[in-house]
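Just so you know, these numbers use all the heavy atoms, side chains as well, and skip hydrogens, waters and symmetry mates. Every chain is numbered from 1 and lettered A, B, ... according to where its sequence line falls, protein lines coming before strand lines.
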2 protein chains.
Amino acid sequence: MGIYKTKQKSNVLKILSDNIDKELTISQIKEIADQMDMKLGLTTIYRGLDELEKMNQIRKTVRPNGEAEYQLVQEECFHHFHMKCSSCGKLIHLDCSEVDLLMEHISKKHAFHIDSISTTIMGVCDSCYREEAN
Amino acid sequence: MGIYKTKQKSNVLKILSDNIDKELTISQIKEIADQMDMKLGLTTIYRGLDELEKMNQIRKTVRPNGEAEYQLVQEECFHHFHMKCSSCGKLIHLDCSEVDLLMEHISKKHAFHIDSISTTIMGVCDSCYREEAN
DNA sequence: TTGCGTGCAAAGGTTTTGCATGGCA
DNA sequence: TGCCATGCAAAACCTTTGCACGCAA
(Lines give C-alpha, C1' and ligand atoms only; values in the text may rest on other atoms or scores of the structure.)
Protein backbone atom coordinates (compact mmCIF):
# COMPACT_ATOMS: atom_id res chain seq x y z
CA MET A 1 0.00 0.00 0.00
CA GLY A 2 1.94 2.97 -1.27
CA ILE A 3 5.58 3.29 -0.34
CA TYR A 4 5.48 4.67 3.19
CA LYS A 5 3.68 2.98 6.03
CA THR A 6 1.58 5.54 7.89
CA LYS A 7 -0.84 5.64 10.77
CA GLN A 8 -3.63 6.84 8.48
CA LYS A 9 -3.29 3.94 6.08
CA SER A 10 -3.31 1.35 8.81
CA ASN A 11 -6.32 3.05 10.38
CA VAL A 12 -8.28 2.76 7.11
CA LEU A 13 -7.34 -0.91 6.95
CA LYS A 14 -8.35 -1.42 10.58
CA ILE A 15 -11.79 0.09 10.04
CA LEU A 16 -12.33 -2.12 7.00
CA SER A 17 -11.24 -5.28 8.78
CA ASP A 18 -13.32 -4.43 11.84
CA ASN A 19 -16.29 -4.40 9.45
CA ILE A 20 -15.39 -7.31 7.22
CA ASP A 21 -19.04 -8.30 6.90
CA LYS A 22 -20.27 -4.89 5.74
CA GLU A 23 -19.90 -2.56 2.82
CA LEU A 24 -18.96 0.89 4.05
CA THR A 25 -19.35 4.23 2.31
CA ILE A 26 -16.68 6.88 2.59
CA SER A 27 -18.79 8.91 4.98
CA GLN A 28 -19.39 5.87 7.18
CA ILE A 29 -15.65 5.27 7.33
CA LYS A 30 -15.15 8.92 8.20
CA GLU A 31 -17.74 8.69 10.99
CA ILE A 32 -16.15 5.58 12.46
CA ALA A 33 -12.75 7.23 12.33
CA ASP A 34 -14.11 10.30 14.11
CA GLN A 35 -15.70 8.17 16.81
CA MET A 36 -12.36 6.46 17.37
CA ASP A 37 -10.52 9.82 17.45
CA MET A 38 -8.42 8.80 14.50
CA LYS A 39 -8.17 12.19 12.78
CA LEU A 40 -8.51 10.85 9.25
CA GLY A 41 -9.09 13.40 6.51
CA LEU A 42 -11.67 12.62 3.84
CA THR A 43 -9.08 12.99 1.09
CA THR A 44 -6.81 10.53 2.82
CA ILE A 45 -9.59 7.98 3.01
CA TYR A 46 -10.29 8.36 -0.72
CA ARG A 47 -6.63 7.94 -1.55
CA GLY A 48 -6.11 5.00 0.77
CA LEU A 49 -9.10 3.19 -0.72
CA ASP A 50 -7.87 3.91 -4.24
CA GLU A 51 -4.58 2.25 -3.40
CA LEU A 52 -6.29 -0.75 -1.87
CA GLU A 53 -8.52 -1.03 -4.92
CA LYS A 54 -5.56 -1.00 -7.29
CA MET A 55 -4.05 -3.80 -5.25
CA ASN A 56 -7.34 -5.73 -5.50
CA GLN A 57 -7.66 -5.78 -1.74
CA ILE A 58 -11.09 -4.19 -1.68
CA ARG A 59 -14.31 -4.52 -3.59
CA LYS A 60 -15.83 -1.23 -4.71
CA THR A 61 -19.48 -1.09 -5.63
CA VAL A 62 -21.61 1.88 -6.54
CA ARG A 63 -25.05 2.46 -5.06
CA PRO A 64 -27.91 3.60 -7.29
CA ASN A 65 -27.44 7.12 -5.92
CA GLY A 66 -23.85 7.15 -7.17
CA GLU A 67 -22.21 6.80 -3.77
CA ALA A 68 -19.45 4.20 -3.61
CA GLU A 69 -19.09 1.56 -0.93
CA TYR A 70 -16.10 -0.56 -0.08
CA GLN A 71 -15.33 -3.87 1.53
CA LEU A 72 -12.14 -5.78 2.21
CA VAL A 73 -12.05 -8.86 0.03
CA GLN A 74 -11.02 -12.23 1.30
CA GLU A 75 -9.38 -14.79 -0.92
CA GLU A 76 -12.66 -16.65 -1.51
CA CYS A 77 -14.33 -13.52 -2.85
CA PHE A 78 -12.46 -13.90 -6.11
CA HIS A 79 -14.19 -17.18 -6.71
CA HIS A 80 -17.78 -16.59 -5.73
CA PHE A 81 -20.65 -14.20 -6.37
CA HIS A 82 -22.09 -11.72 -3.93
CA MET A 83 -25.80 -11.21 -3.41
CA LYS A 84 -27.03 -7.99 -1.91
CA CYS A 85 -30.41 -7.36 -0.34
CA SER A 86 -31.65 -4.02 -1.58
CA SER A 87 -33.91 -3.72 1.44
CA CYS A 88 -31.64 -4.32 4.44
CA GLY A 89 -28.30 -4.01 2.66
CA LYS A 90 -27.04 -7.39 3.80
CA LEU A 91 -24.28 -8.88 1.66
CA ILE A 92 -24.26 -12.62 1.14
CA HIS A 93 -21.20 -14.51 -0.08
CA LEU A 94 -22.52 -17.18 -2.40
CA ASP A 95 -20.38 -20.28 -1.98
CA CYS A 96 -22.19 -22.91 -3.98
CA SER A 97 -21.06 -25.56 -6.43
CA GLU A 98 -24.06 -25.00 -8.71
CA VAL A 99 -22.98 -21.40 -9.15
CA ASP A 100 -19.46 -22.55 -9.95
CA LEU A 101 -20.88 -24.77 -12.67
CA LEU A 102 -22.84 -21.89 -14.12
CA MET A 103 -19.79 -19.65 -14.21
CA GLU A 104 -17.98 -22.38 -16.09
CA HIS A 105 -20.93 -22.72 -18.45
CA ILE A 106 -20.98 -19.00 -19.17
CA SER A 107 -17.26 -19.01 -19.80
CA LYS A 108 -17.37 -21.97 -22.16
CA LYS A 109 -20.69 -21.62 -23.95
CA HIS A 110 -21.20 -17.87 -23.90
CA ALA A 111 -17.54 -16.93 -24.24
CA PHE A 112 -17.75 -14.35 -21.48
CA HIS A 113 -15.09 -13.94 -18.81
CA ILE A 114 -16.84 -13.07 -15.59
CA ASP A 115 -15.32 -10.73 -13.02
CA SER A 116 -16.95 -12.03 -9.87
CA ILE A 117 -15.52 -9.25 -7.70
CA SER A 118 -17.32 -6.63 -9.79
CA THR A 119 -20.56 -8.57 -10.00
CA THR A 120 -23.34 -8.27 -7.44
CA ILE A 121 -26.59 -10.17 -7.71
CA MET A 122 -29.31 -7.82 -6.52
CA GLY A 123 -32.55 -8.85 -4.90
CA VAL A 124 -34.32 -9.24 -1.58
CA CYS A 125 -33.33 -11.64 1.17
CA ASP A 126 -35.92 -13.96 2.64
CA SER A 127 -36.57 -12.12 5.88
CA CYS A 128 -37.10 -8.81 4.11
CA TYR A 129 -39.26 -10.55 1.52
CA ARG A 130 -41.57 -11.87 4.23
CA GLU A 131 -41.76 -8.48 5.90
CA GLU A 132 -42.73 -6.84 2.64
CA ALA A 133 -45.50 -9.38 2.25
CA ASN A 134 -47.07 -8.15 5.49
CA MET B 1 -45.84 8.47 -17.90
CA GLY B 2 -46.93 11.40 -15.82
CA ILE B 3 -50.35 12.88 -16.38
CA TYR B 4 -49.91 15.04 -19.44
CA LYS B 5 -48.62 13.77 -22.74
CA THR B 6 -45.92 16.10 -23.99
CA LYS B 7 -43.56 16.34 -26.91
CA GLN B 8 -40.56 16.14 -24.56
CA LYS B 9 -41.66 12.91 -22.94
CA SER B 10 -42.30 11.19 -26.25
CA ASN B 11 -38.94 12.44 -27.50
CA VAL B 12 -37.14 10.83 -24.56
CA LEU B 13 -38.98 7.60 -25.28
CA LYS B 14 -38.14 7.82 -28.97
CA ILE B 15 -34.42 8.23 -28.27
CA LEU B 16 -34.47 5.24 -25.94
CA SER B 17 -36.33 3.02 -28.38
CA ASP B 18 -34.08 4.10 -31.25
CA ASN B 19 -31.22 2.77 -29.13
CA ILE B 20 -32.84 -0.30 -27.67
CA ASP B 21 -29.56 -2.19 -27.83
CA LYS B 22 -27.51 0.38 -25.94
CA GLU B 23 -27.27 1.86 -22.48
CA LEU B 24 -27.31 5.64 -22.74
CA THR B 25 -26.07 8.21 -20.25
CA ILE B 26 -27.98 11.43 -19.68
CA SER B 27 -25.39 13.41 -21.61
CA GLN B 28 -25.60 11.00 -24.53
CA ILE B 29 -29.37 11.40 -24.58
CA LYS B 30 -28.91 15.16 -24.48
CA GLU B 31 -26.46 15.02 -27.40
CA ILE B 32 -28.79 12.89 -29.49
CA ALA B 33 -31.66 15.25 -28.75
CA ASP B 34 -29.56 18.23 -29.78
CA GLN B 35 -28.56 16.55 -33.02
CA MET B 36 -32.22 15.93 -33.79
CA ASP B 37 -33.15 19.53 -32.90
CA MET B 38 -35.45 18.33 -30.16
CA LYS B 39 -34.79 21.13 -27.65
CA LEU B 40 -34.85 18.88 -24.61
CA GLY B 41 -33.64 20.40 -21.34
CA LEU B 42 -31.36 18.34 -19.13
CA THR B 43 -33.76 18.63 -16.21
CA THR B 44 -36.59 17.35 -18.35
CA ILE B 45 -34.56 14.32 -19.35
CA TYR B 46 -33.79 13.53 -15.70
CA ARG B 47 -37.44 13.83 -14.77
CA GLY B 48 -38.69 11.84 -17.72
CA LEU B 49 -36.28 9.01 -16.93
CA ASP B 50 -37.31 9.07 -13.27
CA GLU B 51 -40.91 8.55 -14.29
CA LEU B 52 -40.02 5.72 -16.64
CA GLU B 53 -37.96 4.10 -13.92
CA LYS B 54 -40.81 4.23 -11.44
CA MET B 55 -42.97 2.52 -14.04
CA ASN B 56 -40.30 -0.17 -14.52
CA GLN B 57 -40.00 0.72 -18.17
CA ILE B 58 -36.26 1.37 -18.03
CA ARG B 59 -33.25 -0.24 -16.48
CA LYS B 60 -30.95 2.14 -14.65
CA THR B 61 -27.39 1.11 -13.96
CA VAL B 62 -24.55 3.08 -12.44
CA ARG B 63 -21.05 3.12 -13.89
CA PRO B 64 -18.06 2.86 -11.59
CA ASN B 65 -17.54 6.61 -11.99
CA GLY B 66 -21.03 7.23 -10.62
CA GLU B 67 -22.66 8.21 -13.89
CA ALA B 68 -26.02 6.57 -14.52
CA GLU B 69 -27.04 4.92 -17.75
CA TYR B 70 -30.46 3.93 -18.95
CA GLN B 71 -32.04 1.47 -21.31
CA LEU B 72 -35.60 0.63 -22.27
CA VAL B 73 -36.50 -2.80 -20.96
CA GLN B 74 -38.29 -5.35 -23.04
CA GLU B 75 -40.56 -7.94 -21.51
CA GLU B 76 -37.86 -10.62 -21.63
CA CYS B 77 -35.48 -8.49 -19.57
CA PHE B 78 -37.48 -9.28 -16.46
CA HIS B 79 -36.60 -12.92 -16.86
CA HIS B 80 -32.95 -12.97 -17.80
CA PHE B 81 -29.61 -11.62 -16.65
CA HIS B 82 -27.54 -9.01 -18.40
CA MET B 83 -23.81 -9.29 -18.89
CA LYS B 84 -21.74 -6.21 -19.53
CA CYS B 85 -18.27 -6.04 -21.00
CA SER B 86 -16.27 -3.57 -18.94
CA SER B 87 -13.91 -3.05 -21.84
CA CYS B 88 -16.16 -2.23 -24.82
CA GLY B 89 -19.39 -1.63 -22.91
CA LYS B 90 -21.40 -4.15 -24.86
CA LEU B 91 -24.53 -5.40 -23.10
CA ILE B 92 -25.51 -9.03 -23.60
CA HIS B 93 -28.98 -10.35 -22.82
CA LEU B 94 -28.43 -13.79 -21.37
CA ASP B 95 -31.26 -16.02 -22.52
CA CYS B 96 -30.21 -19.46 -21.37
CA SER B 97 -32.05 -22.30 -19.70
CA GLU B 98 -29.09 -23.11 -17.46
CA VAL B 99 -29.25 -19.61 -16.04
CA ASP B 100 -32.96 -20.04 -15.46
CA LEU B 101 -32.23 -23.18 -13.49
CA LEU B 102 -29.67 -21.38 -11.38
CA MET B 103 -32.08 -18.57 -10.59
CA GLU B 104 -34.56 -21.18 -9.45
CA HIS B 105 -31.89 -22.87 -7.37
CA ILE B 106 -30.95 -19.61 -5.67
CA SER B 107 -34.56 -18.86 -4.96
CA LYS B 108 -35.29 -22.29 -3.48
CA LYS B 109 -32.04 -23.26 -1.79
CA HIS B 110 -30.62 -19.90 -0.83
CA ALA B 111 -33.94 -18.20 -0.12
CA PHE B 112 -32.99 -15.11 -2.09
CA HIS B 113 -35.36 -13.34 -4.45
CA ILE B 114 -33.34 -12.10 -7.39
CA ASP B 115 -34.13 -8.84 -9.15
CA SER B 116 -32.79 -9.61 -12.61
CA ILE B 117 -33.40 -6.08 -13.86
CA SER B 118 -31.05 -4.66 -11.22
CA THR B 119 -28.42 -7.33 -11.67
CA THR B 120 -25.58 -7.05 -14.16
CA ILE B 121 -22.91 -9.69 -14.51
CA MET B 122 -19.65 -7.86 -15.14
CA GLY B 123 -16.72 -9.18 -17.09
CA VAL B 124 -15.00 -9.08 -20.44
CA CYS B 125 -16.45 -10.33 -23.70
CA ASP B 126 -14.48 -12.73 -25.83
CA SER B 127 -13.28 -10.33 -28.49
CA CYS B 128 -12.01 -7.84 -25.91
CA TYR B 129 -10.42 -10.68 -23.97
CA ARG B 130 -8.43 -11.75 -27.02
CA GLU B 131 -7.36 -8.20 -27.71
CA GLU B 132 -6.11 -7.79 -24.17
CA ALA B 133 -4.07 -10.95 -24.58
CA ASN B 134 -2.15 -9.34 -27.44
C1' DT C 1 17.47 15.27 4.45
C1' DT C 2 14.51 13.55 0.77
C1' DG C 3 10.31 13.13 -1.14
C1' DC C 4 6.01 10.74 -0.21
C1' DG C 5 1.71 11.35 2.56
C1' DT C 6 -1.72 14.32 4.55
C1' DG C 7 -5.50 17.43 4.71
C1' DC C 8 -7.51 21.82 3.85
C1' DA C 9 -9.67 24.46 0.34
C1' DA C 10 -11.07 24.81 -4.19
C1' DA C 11 -12.53 22.82 -8.45
C1' DG C 12 -15.09 19.27 -11.24
C1' DG C 13 -18.93 16.51 -12.50
C1' DT C 14 -23.47 14.64 -11.96
C1' DT C 15 -27.97 15.09 -10.08
C1' DT C 16 -31.64 17.70 -7.63
C1' DT C 17 -34.36 21.73 -6.43
C1' DG C 18 -36.67 26.51 -6.81
C1' DC C 19 -39.27 29.19 -9.48
C1' DA C 20 -41.21 31.68 -13.29
C1' DT C 21 -42.92 30.53 -17.75
C1' DG C 22 -45.17 27.52 -21.13
C1' DG C 23 -48.44 24.13 -22.76
C1' DC C 24 -51.85 20.14 -22.26
C1' DA C 25 -56.50 18.99 -21.33
C1' DT D 1 -58.79 28.30 -17.30
C1' DG D 2 -56.44 25.16 -14.05
C1' DC D 3 -52.54 22.55 -13.35
C1' DC D 4 -48.93 20.00 -14.66
C1' DA D 5 -44.53 20.17 -17.32
C1' DT D 6 -40.51 22.57 -18.72
C1' DG D 7 -36.00 24.58 -18.33
C1' DC D 8 -32.90 27.93 -16.59
C1' DA D 9 -30.07 28.97 -12.70
C1' DA D 10 -28.63 27.76 -8.35
C1' DA D 11 -27.87 24.42 -4.90
C1' DA D 12 -26.54 19.96 -3.24
C1' DC D 13 -23.63 15.93 -3.43
C1' DC D 14 -19.78 13.04 -4.05
C1' DT D 15 -15.16 12.90 -5.74
C1' DT D 16 -10.78 14.74 -7.45
C1' DT D 17 -7.06 18.10 -7.61
C1' DG D 18 -3.64 21.85 -6.04
C1' DC D 19 -0.61 23.03 -2.74
C1' DA D 20 1.81 23.85 1.57
C1' DC D 21 3.06 21.42 5.50
C1' DG D 22 4.23 17.11 8.08
C1' DC D 23 6.31 12.85 8.67
C1' DA D 24 8.44 8.11 7.34
C1' DA D 25 12.65 6.18 5.96
Side-chain angles (χ1 to χ4, degrees), chain A residues 1-16 22-55 57-71 84 86 89 118 120, chain B residues 1-16 22-55 57-71 84 86 89 118 120:
Chain A
M1 185 171 177
I3 291 172
Y4 290 178
K5 197 185 301 181
T6 65
K7 189 144 199 164
Q8 288 90 338
K9 291 180 185 180
S10 62
N11 278 340
V12 170
L13 260 178
K14 173 165 174 41
I15 291 174
L16 288 174
K22 302 196 195 95
E23 294 174 297
L24 299 178
T25 63
I26 299 275
S27 55
Q28 285 174 322
I29 293 172
K30 173 67 172 157
E31 274 175 35
I32 294 172
D34 286 348
Q35 286 168 14
M36 299 176 94
D37 285 317
M38 277 177 172
K39 296 182 194 330
L40 262 182
L42 258 189
T43 308
T44 305
I45 299 174
Y46 276 104
R47 288 194 274 229
L49 292 171
D50 281 351
E51 281 185 24
L52 288 170
E53 196 194 359
K54 280 185 189 117
M55 297 164 71
Q57 294 202 20
I58 54 175
R59 218 172 82 89
K60 174 184 179 180
T61 45
V62 186
R63 293 188 178 175
N65 70 359
E67 196 178 15
E69 45 191 9
Y70 302 84
Q71 181 184 37
K84 173 153 192 174
S86 56
S118 304
T120 303
Chain B
M1 183 169 178
I3 291 172
Y4 290 177
K5 195 185 304 180
T6 66
K7 191 144 198 164
Q8 287 89 339
K9 292 180 185 179
S10 63
N11 278 340
V12 169
L13 259 177
K14 173 166 174 40
I15 291 174
L16 288 174
K22 302 198 194 94
E23 293 173 298
L24 299 178
T25 63
I26 299 275
S27 55
Q28 286 174 321
I29 293 173
K30 173 67 173 158
E31 274 175 35
I32 294 171
D34 287 347
Q35 286 169 14
M36 298 176 95
D37 286 317
M38 278 176 172
K39 295 182 196 328
L40 263 182
L42 257 190
T43 309
T44 305
I45 299 174
Y46 275 103
R47 288 195 273 231
L49 292 171
D50 281 351
E51 283 185 21
L52 287 169
E53 196 195 359
K54 280 187 190 116
M55 297 166 71
Q57 294 201 20
I58 53 174
R59 216 172 84 90
K60 174 184 179 179
T61 45
V62 187
R63 294 187 179 176
N65 70 1
E67 196 178 16
E69 44 190 11
Y70 303 83
Q71 180 184 41
K84 174 153 191 172
S86 56
S118 304
T120 303

Phosphate OP1/OP2 of D:dC4 contacted by B:Thr6 side-chain N/O (<4.0 Å): no
Please give, in whole Å, the distance from C:dG23 P to B:Lys7 NZ? 11 Å
Would you indicate what B:Lys39 reaches in the nucleic acid, counting non-hydrogen atoms under 4.0 angstrom: base, sugar-phosphate, or nothing? sugar-phosphate
Can you name the side-chain hydrogen bond (donor to acceptor under 3.5 Å, both in side chains) partners of A:Lys14, sequence neighbours left out? A:Asp18
Partner set under salt bridge (charged side-chain N to carboxylate O under 4.0 Å, His left out) for A:Lys39, not counting sequence neighbours: none
Take atom CG of A:Leu40 and atom C1' of C:dC8, then tell me their distance rounded to the nearest Å. 15 Å
Who pairs with A:Ser118 by side-chain hydrogen bond (donor to acceptor under 3.5 Å, both in side chains), at least two apart in sequence or on another chain? A:Asp115
List every contact pair, protein side and nucleotides 2-4 of chain C side both N or O, where the distance is under 3.5 Å.
none

B:Asn11 side chain near B:Thr6 side chain, heavy-atom distance below 4.5 Å: no
Note, B:Lys22 side chain near B:Gln71 side chain (heavy atom, < 4.5 Å): no
May I have the distance from B:Gln8 (atom CD) to C:dG22 (atom C1'), rounded to whole angstrom? 10 Å
Rounded to whole Å, the CG-P distance (B:Leu49 to D:dT6) equals 12 Å
Whole-Å distance, A:Asn11 CG to C:dG5 C1', equals 14 Å
Integer-rounded Å distance: D:dC14 P and A:Ile45 CD1: 13 Å
For nucleotides 15-18 of chain D, list the nitrogen or oxygen atoms of the protein found under 3.5 Å from its nitrogen or oxygen atoms, one pair per line.
unit_1	atom_1	unit_2	atom_2	d
D:dT15	OP1	A:Ala68	N	3.0
D:dT15	OP2	A:Tyr46	OH	2.5
D:dT15	O5'	A:Tyr46	OH	3.2

Please determine which of A:Lys9, A:Lys60, A:Arg47, A:Gln57 meets the side-chain contact (heavy atoms from CB on, under 4.5 Å) test together with A:Leu52. A:Gln57
Between CE of A:Met38 and CD1 of A:Ile45, what distance do you get to the nearest 0.5 Å? 10.0 Å
How close or far is atom C1' of C:dT6 from atom CD of A:Glu51, stated in whole angstroms? 12 Å
For residues 23-30 of chain B, tabulate all N or O donor-acceptor pairs below 3.5 Å that involve a side-chain atom, not counting sequence neighbours.
unit_1	atom_1	unit_2	atom_2	d
B:Glu23	OE1	B:Lys84	NZ	2.8
B:Glu23	OE2	B:Arg59	NH2	3.4
B:Glu23	OE2	B:Thr61	OG1	3.2
B:Thr25	OG1	B:Ser27	OG	3.3
B:Thr25	OG1	B:Gln28	N	3.2
B:Thr25	OG1	B:Gln28	OE1	3.4
B:Gln28	OE1	B:Thr25	N	2.8
B:Lys30	NZ	B:Asp34	OD1	3.4
B:Lys30	NZ	B:Leu40	O	2.7

Heavy-atom pair of closest approach, residues A:Gly66 and B:Val62: CA-CG1, 4.3 Å
